[in-house]
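What follows is a short report on a single structure.
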Amino acid sequence: MAKKVHVIAHTHWDFEWYFTVNESSVQFVYHMDEVFRALEEGRLRYYLLDGQMSIVDDYLRFCPENKERLEAFVRAGKLFIGPWYTQTDELVISGESIVRNLQIGLERAAQLGGAMKVGYLPDSFGQGKDMPKIYRGMGIHDAVFWRGVPNEKVQSRDFIWASEDGSDVTVANIKDGYFVGVGLIEKEEPETLVAQISKGAGTDQLLLPVGGDQRFVDFNLKDRITSYNEKLADTELSESHYEAYFKTIHGKDLPKVTGEFISSSVSKIHRSIYSSRYDQKYMNDKLERRLVYQLEPLMVMAESLGIPYKKELLQEIWKLLLRNHAHDSAGGCNSDATNQIINERFKEADELSYSAVDYLTRKIAESRKMTQPNDLVFYNTLPYSIRKTARFEVSVTTPSIRLWQEGEERACQILNTEKRYRGEIKRDESLYDPEKYYYVHTVSAEIEIPGLSFVTCQVEEVAEQAEFGRTAGHTIENERYCFTLQNGKATLVDKASGAEYADFLWLEDGGDEGDTYDYSPAYHDDIYRLDFAGAEVSSQIGELENCLFVSGTFAVARDLEDRKAGKRSAEIPYRMEVRLAKDTERIEFNLKMDNRAQDHRMRLIVQTDIQAKHSYTDTPFGTINRPVIDPHLHDWKELNWREEPTAIFPMLHYLNLHNVKSSWTFLAKGMKEYQIVGEKFNQMAVTLFRSVGYLGRPDLIRRPGDASGNQYRYVETPNSQLEKELHFKFALVLDKTYDPAKIMRDYQHYAVSQPYYQIQNLNAFTTALKYFVSNPLPEKVEKPLEWQLSPEKLVFSSFSKTGKDGIAIRFYNPSMTEEVPEEKIHLPRKMKVAFTNLNGEALTEKIFTKDVSLGHFKPGEIKTIVVYPN
């Protein structure tokens, strides 16, 4: 049977890496001259621009005169762009971010002639199990990728990849990499190259991608194809593109597989890149939460109250964040110069998104019908009611306050007070007017807010001195837990079960002789346990929350030489706050460390009462369970795997261990990596951070052979040692049973803070924008519609504007195995409603209703409804 080889001319244009985006953009500007010339002169029939629109946007920023030229080739089906904005990481990026990446990429490509409808991620470090349903939800039926597929799962290069809900895509697995076709140009023997790409082929159609990292255009491609065809008897090479390739294999009898692909059996997968550059992982997590859970729904709420919706502002913030989701950028395996640019984009996105939340909350608060000084307005940006003990700051003239809501006093607890001056600053502070001092109180209060609405409290100024001092206590408790830190050891009592867990929490520090891609133990390692011995411990007890404050230093090796010698020559100062609020099932931790050591990995260890065989964590739109030990941990070298398959895994928002009697959940804000350890596999080991000094290193214990990244020189990355203050926020939840939908609700209650605004003129610097004057809206604000959308077995995913006047509301079933029978949601009033796919394309006709049947949810299924309030 004759074989047909589809030769795909392309470039793989890493957005940034060991070079910066600025450096690569200059080359891309001139690279496009070659692309246009090759297409215009007929040197190439087709060309693929790496499946991402960000590089196209950058090109048109520098060369706007070529927009029509580019668009003409796209419309003619010769130049392929999209569907992504950037080639995303699939494992530590949230589901809504992945959807926005495709939405923005497809929209931008449509403006320039249309997107390639192929899920093209040729170099992502692993493939997430939810990608088939994401692709299908975006109208994409085919996917191309390289890394992560284990030979023992499927050996065919072409297969059907399915999610739990039955969504599937046809996959072309370019097992030899996106660069294998360079052999065609460099005159590799035809039979050898064809034999290589034929191994594992499921059909007579073969793929030969000709391109590479920032590779020039191969003007002699046609000549090389002709040369090969003259030498091959039963194989024909021809210029092609991926959409044409998939047309030839659709309908073929292909194997069907499910799950994630993070195996190193064929290619490097970097199973510990999830902890590189923790500082960036933390910022990304913070911004994803703010955009999805705060800003998007707040902008919808604000528009309903008369504040125009700023789509372009929101999209520009998303683009900044999405540029940091490109697989190298998200991984942190970059030069210091590139990481600095990544940090600058995070900073810009942070300032824009925070300022947008600040502006909208202030504008709404100052535009209410009955506005008076010391009104304190709290907002709920989730589409269901919340009740929690929230922290906030108020500025008043008195040393204490009381809090009122609708004539009833609300319990509040002053946690801290600072006295500040509001007059003109002077070098001689003795000249300050004593009448111009005021107080900034950090306060805790129990608040209850309807979904996507706000409530107003009144701050009463009280002359009596508030009491909020700390004591020397070592124990705090609430209705659910009792937490004690004594002699460096942490003990937890679960009052619901009566179980006591002694010495259940500590840190582990070990050497890291790896690089920005992978953790690898030091050749001469010294791993030790760090508890809280010698720490200063105090407590603060109050009506609404009890806190334990812990401070001390951890003694660790300064570097690999000291670790080899068994010295602990560096001290890492730390401060930790443990919080137990009223009526909560969470134990909340806030840990800050000033890292003063190099080449080490620090992990938090939580010892549970569960002897685990599997761990559980959330994925972009679901849940996954993974074995606590890889079956090939001891024979991977004999099998010629590319790196040790240590059971280090990615996590998004939580980690869970459970059995029939008990469930332990770790909720994380920014930590993205874990391993289950201990003799009984009963310990959660969550990586806090890794300090490493090189982009890539050769001959690691976990990854022998060539260095990852640049194989020909050491690229030093001293900033990746993270010698600075690092911040870690996490919580623990103990329960009797495992319920993934409840865990995600717990996470949202924990991770989503409530914006607030105080009507006051004492402090003009509560936020960056408070100093600016602002007019209230011409039409006074009524309360918005109140939403209550919280199906018990489903996870709320997003609430955002779509199209001109629609609101897209998304839910998914987090269970891997259980179907959810018909669920209903009740809208605030009757509205037009339709179901759509992830890209906002209608799947049903609109109906006018208040009660919406969401229908039956398959395991892992995502559903989006669009409501039209007007």
Side-chain angles (χ1 to χ4, degrees), residues 354-355 357-380 388-426 429-449 454-470 540-547 549 577 579 581-582 753-774 776 781:
Y354 177 81
S355 297
V357 172
D358 175 34
Y359 178 87
L360 294 174
T361 52
R362 175 185 180 181
K363 181 67 76 173
I364 293 170
E366 293 181 343
S367 301
R368 293 167 301 120
K369 280 193 171 181
M370 301 293 293
T371 300
Q372 56 186 349
N374 276 341
D375 278 356
L376 183 60
V377 184
F378 292 98
Y379 297 83
N380 176 15
K388 67 193 301 186
T389 301
R391 286 183 176 181
F392 54 93
E393 287 186 351
V394 293
S395 299
V396 293
T397 60
T398 56
S400 187
I401 67 163
R402 297 168 73 185
L403 197 64
W404 299 80
Q405 183 180 0
E406 296 181 351
E408 293 187 8
E409 186 172 4
R410 308 290 295 183
C412 69
Q413 177 182 341
I414 295 181
L415 305 173
N416 188 51
T417 293
E418 291 183 21
K419 197 171 184 179
R420 297 182 186 172
Y421 187 67
R422 62 186 176 91
E424 293 181 352
I425 57 174
K426 302 177 186 297
E429 294 186 6
S430 67
L431 301 176
Y432 281 2
D433 182 351
E435 297 298 318
K436 292 185 177 181
Y437 281 93
Y438 68 100
Y439 298 86
V440 177
H441 300 295
T442 303
V443 186
S444 184
E446 190 174 65
I447 58 173
E448 185 170 2
I449 318 174
F454 58 83
V455 295
T456 302
C457 297
Q458 288 75 44
V459 178
E460 179 188 355
E461 301 190 2
V462 177
E464 293 88 4
Q465 187 70 42
E467 295 184 6
F468 53 86
R470 298 182 183 182
Q540 186 178 50
I541 308 301
E543 181 181 356
L544 297 177
E545 62 174 82
N546 298 324
C547 296
F549 303 95
E577 177 186 339
R579 179 180 186 240
K582 180 182 178 183
S753 61
Q754 276 56 59
Y756 63 90
Y757 185 80
Q758 180 193 4
I759 304 292
Q760 54 85 24
N761 293 316
L762 292 171
N763 186 356
F765 302 98
T766 54
T767 66
L769 301 186
K770 172 66 176 172
Y771 182 78
F772 304 144
V773 295
S774 175
V781 165

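We number each residue from 1, following the sequence as shown. The basis for the numbers below is simple: all heavy atoms, side chains too, and nothing from hydrogens, waters or symmetry mates.
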Before giving the answer on side chain to side chain contact (heavy atoms under 4.5 Å, CB included), spell out for T767 and Y354 the whole-Å C-alpha distance, their side-chain angles and the decisive distance to 0.1 Å. CA-CA 9 Å; T767 66; Y354 177 81; 3.2 Å; yes
Side chain to side chain donor-acceptor pair (under 3.5 Å) evaluation trace for T456 with R368: CA-CA 10 Å; T456 302; R368 293 167 301 120; 3.3 Å; yes
Could you go step by step and tell me if F392 and I447 meet the side chain to side chain contact (heavy atoms under 4.5 Å, CB included) rule? CA-CA 11 Å; F392 54 93; I447 58 173; 5.6 Å; no
Start with the C-alpha distance between S444 and E545, add both sets of side-chain angles, then the distance that settles side chain to side chain donor-acceptor pair (under 3.5 Å), and finish with yes or no. CA-CA 8 Å; S444 184; E545 62 174 82; 2.7 Å; yes
Run the numbers on F454 and V781 for side chain to side chain contact (heavy atoms under 4.5 Å, CB included), then give the verdict. CA-CA 11 Å; F454 58 83; V781 165; 4.2 Å; yes
Show your working on side chain to side chain contact (heavy atoms under 4.5 Å, CB included) between L376 and Y756 and close with a plain yes or no. CA-CA 7 Å; L376 183 60; Y756 63 90; 4.0 Å; yes
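Contact between R579 and T389 at its shortest, heavy atoms only, is NH2-O, 3.1 Å. Taking each heavy atom of V459 and V394 in turn, the nearest pair found is CG2-CG1, 4.1 Å. When every heavy atom of H441 is checked against every heavy atom of V396, the shortest pair comes out as CD2-CG2, 3.4 Å. Nearest heavy-atom pair, W404 versus E409, reported as atom, atom and distance to 0.1 Å: CE3-N, 3.4 Å. Taking all atoms of both residues into account, the shortest heavy-atom contact from E577 to C547 is OE2-SG, 3.4 Å. Closest non-hydrogen pair, L544 versus A445, comes out as CD1-CA, 3.5 Å.
The CD1 atom of I759 sits 10.0 Å away from the CD atom of Q372 when rounded to the nearest 0.5 Å. Atom CD of E448 sits about 8.5 Å away from atom CD of Q405, to the nearest 0.5 Å. A distance of 13.0 Å separates CD1 in I425 from CG in L431, rounded to the nearest 0.5 Å. Between atom CD of residue Q465 and atom OG1 of residue T417 there is a gap of 7.0 Å, rounded to the nearest 0.5 Å. Taken to the nearest 0.5 Å, the CG atom of N546 stands 11.5 Å off from the NZ atom of K582. With rounding to the nearest 0.5 Å, the separation of OG in S753 from CZ in F378 is 11.5 Å.
Under the 3.5 Å distance criterion, the side-chain polar atoms of Y757 are left unmatched by any main-chain donor or acceptor of Y379. For R362 (side chain) and L769 (main-chain N/O), a donor-acceptor pair under 3.5 Å exists by modelled atom type. With T361 contributing its side chain and D358 its backbone, the two residues share a donor-acceptor pair below 3.5 Å.
Looking at heavy atoms from C-beta onward, Q758 lies out of side-chain contact with T766 at the 4.5 angstrom threshold. Side-chain atoms of I414 and T442, non-hydrogen and from C-beta on, never get closer than 4.5 Å to each other.
Within the structure, the salt bridge (Lys or Arg N to Asp or Glu O under 4.0 Å) test picks out no pair touching residues 429-445 (sequence neighbours left out).
With sequence neighbours excluded, the residues that form a side chain to side chain donor-acceptor pair (under 3.5 Å) with T397 are E461.
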